[in-house]
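Structure, as structure tokens:
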Amino acid sequence: MVRKLHGYVPGEQPKVRGLIKLNTNENPAPPSPKVIRAIRSAADERLRRYPDPAARPLCEALAKFHGCKPENIIVGNGSDELLALATRAFAEPRQAGATTRRQIAKQTIQYFTPSYSLYPILADIHGAWRNEVKLPASFELPTNEVLQKSNWNFSAALSYITTPNAPSGRGYATSALAKLCAAQSGVTILDEAYVDFADENALRLPKRFPHVIVSRTFSKAYSLCFQRIGYFVGHPVLIGALDRIRDSYNVNGLGQAAALATLSDIGHYRKQFEHIVQLRTKTTGALEALGFEVLPSQANFIFARPTGITAAEWFQQLRERKILTRWFDAPKVRGWLRITIGTETEMRKFLSATRAIHRANRPA
Ligand SMILES: *Cc1c(COP(=O)(O)O)cnc(C)c1O
């Protein structure tokens, strides 16, 4: 069984000098000075002790931040850990002899494609049924009416929705998500890893629907990938179920200190988000001026389709110039390149490299 599984393939993290990394959607800025100080000052003789087992102070700070109760929050070793816990808590593995629609639904994990490539891996590890539902060519969220005519299963035990979507960058309106959530009977997780760059978020939905969870992370927007801190917001019954199956000390102490310091310095980050959104608009305009198609993005990356050159060639030729982006060799997306918004200088270099590549490949 384990021999047949395929592990998750993360974006490359090569150690090449002068490399411009626009491939894993990290914030190009370091954590705020306050956060670095908090981590440094926590790294003393206390390291020999166990951290707070339930990350209680952090849950309380997050509850205050989001206007809910600590019982609505669980913190994980990155949101990836919580997504893995959710597959175990809310879906059953496939069982021989299960044939009714009801039994199958209880063993089904579903998500749209393309979206976060970890979901199928989690479903396979758990041995659940995988229900993949194709997004339309525009990558927009289908309406309930359209989904009713597709293979979407409104009774699936667990549904993952990446919003804003990755890799397309498309934002889904909260009103549209609300309609979908209202028609769902299983647990529905709205994965908002990139929501800090969007115009709206769906936090009101877990407050309204007891089967809906919002997933957040300090990794991408808050420059803390290294520390592994993510969290869920949801009904205490769902949060309690996850809490019962987690490891006793799932969240490391330095990560808890870093996340707490981040929340106390939120203004610092909001300024960065505005700057990244401005650069996103600028980069989009510059690519469109070359005749490239760029989807409207609500994230800290853009999804662009070149003209006069394939996305694979664009990816490769950027790579030769030490600029790393992400190209997915899969149906529907192989014509596109996903580009993380980096610093102003990085984006200038990316654009001038792209213009040079575009010129060099233009038919004479
Ligand atoms: C990066 C990412 C995550 C994982 O975040 P961690 O908190 O670092 O585990 C989850 N969902 C999506 C869509 C992501 O892009």
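For the single chain, residues carry numbers from 1 onward in sequence order. These numbers were taken from a predicted model, which means no experiment stands behind them.
- Across all non-hydrogen atoms, the minimal contact from P28 to G342 is CG-C, 3.5 Å.
- For the pair E81 and R246, the salt-bridge criterion is not met [side-chain N within less than 4.0 Å of a carboxylate O].
- At distances below 3.5 Å, not a single donor-acceptor pair connects side-chain atoms of R280 with backbone N or O atoms of N300.
- Looking at N27 and Y269, their side chains never bring a donor and an acceptor atom within 3.5 Å of each other.
- In this structure, the side chain of D265 does not engage the main chain of K34 through any donor-acceptor pair within 3.5 Å.
- Formation of a donor-acceptor pair under 3.5 Å by the T188 side chain with backbone atoms of G186 is found in this model.
- No side-chain donor from either of T162 and Y111 sits under 3.5 Å from a side-chain acceptor of the other.
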Stepwise, does the ring pair (Phe, Tyr, Trp, His ring centres under 6.0 Å) test hold for H358 with F292? CA-CA 10 Å; H358 185 62; F292 291 15; 5.3 Å; yes
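- The closest donor-acceptor contact from the side chain of Q103 to the backbone of T99 lies under 3.5 Å.
- When only modelled atom types and interatomic distance are considered, Y249 and N77 share no side-chain donor-acceptor pair under 3.5 Å.
- In this structure, W152 has its ring center closer than 6.0 angstrom to the ring center of F112.
- Side chain of D52 to main chain of G253: no donor-acceptor pair is present (N/O by atom type, distance under 3.5 Å, no hydrogens or angles).
- Using modelled atom types, one finds a donor on one side chain and an acceptor on the other under 3.5 Å when comparing D199 with Q298.
- Taking the ring centre of F301 as origin, the terminal cationic atom of R338 falls inside the region bounded by 6.0 Å and 45° from the ring axis.
- Here E145 does not pair with K149 in a salt bridge; the nearest charged N to carboxylate O distance is not below 4.0 Å.
- The backbone N or O of A29 sits less than 3.5 Å from a side-chain atom of S223, completing a donor-acceptor pair.
- Nearest heavy atoms, R94 versus Q107: CA-OE1, 3.3 Å.
- Hydrophobic clustering (side-chain heavy atoms under 4.5 Å, transitive across Ile, Leu, Val, Met, Phe, Trp, Tyr) groups V187 together with I109.
- At a threshold of 4.5 Å between side-chain heavy atoms, the hydrophobic network of Ile, Leu, Val, Met, Phe, Trp and Tyr places L118 and L85 in one connected group.
- No side-chain donor-acceptor contact under 3.5 Å links N72 to the backbone of C68.
- Using modelled atom types, no side-chain atom of Q316 and backbone atom of E313 make a donor-acceptor pair closer than 3.5 Å.
- Donor-acceptor pairing under 3.5 Å is recorded for the side chains of N25 and Y194.
- Y222 and H268 form no side-chain donor-acceptor contact under 3.5 Å, judged by distance and modelled atom types alone.
- For the residue pair S115 / N165, no side-chain donor-acceptor distance below 3.5 Å is found, with atom types taken as modelled.
- Aromatic pair F226/F218: centroids not less than 6.0 angstrom apart.
- A salt bridge links K21 with E26: the distance from a Lys NZ or Arg NE/NH1/NH2 to an Asp or Glu carboxylate oxygen falls below 4.0 Å.
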Starting from the C-alpha separation in whole Å, work towards a yes-or-no answer on ring pair (Phe, Tyr, Trp, His ring centres under 6.0 Å) for H211 and F90. CA-CA 10 Å; H211 63 287; F90 305 131; over 10 Å; no
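- Nearest heavy-atom pair across S185 and S155 is OG-CA, 3.3 Å.
- Annotation for S215 and S79: closest pair OG-CB, 3.6 Å, computed over non-hydrogen atoms.
- The aromatic ring centres of Y231 and H66 sit less than 6.0 Å apart.
- Scanning all heavy atoms of the two residues, the minimum distance from A86 to F232 falls at CB-CE2, 4.2 Å.
- Ion pairing of E132 with R130 is present here, as a side-chain N (NZ or NE/NH1/NH2) and a carboxylate O approach within less than 4.0 Å.
- With Y119 contributing its side chain and T113 its backbone, the two residues share no donor-acceptor pair below 3.5 Å.
- Although no hydrogens or angles enter the test, the distance criterion places no donor-acceptor pair under 3.5 Å between the side chain of H126 and the main chain of A128.
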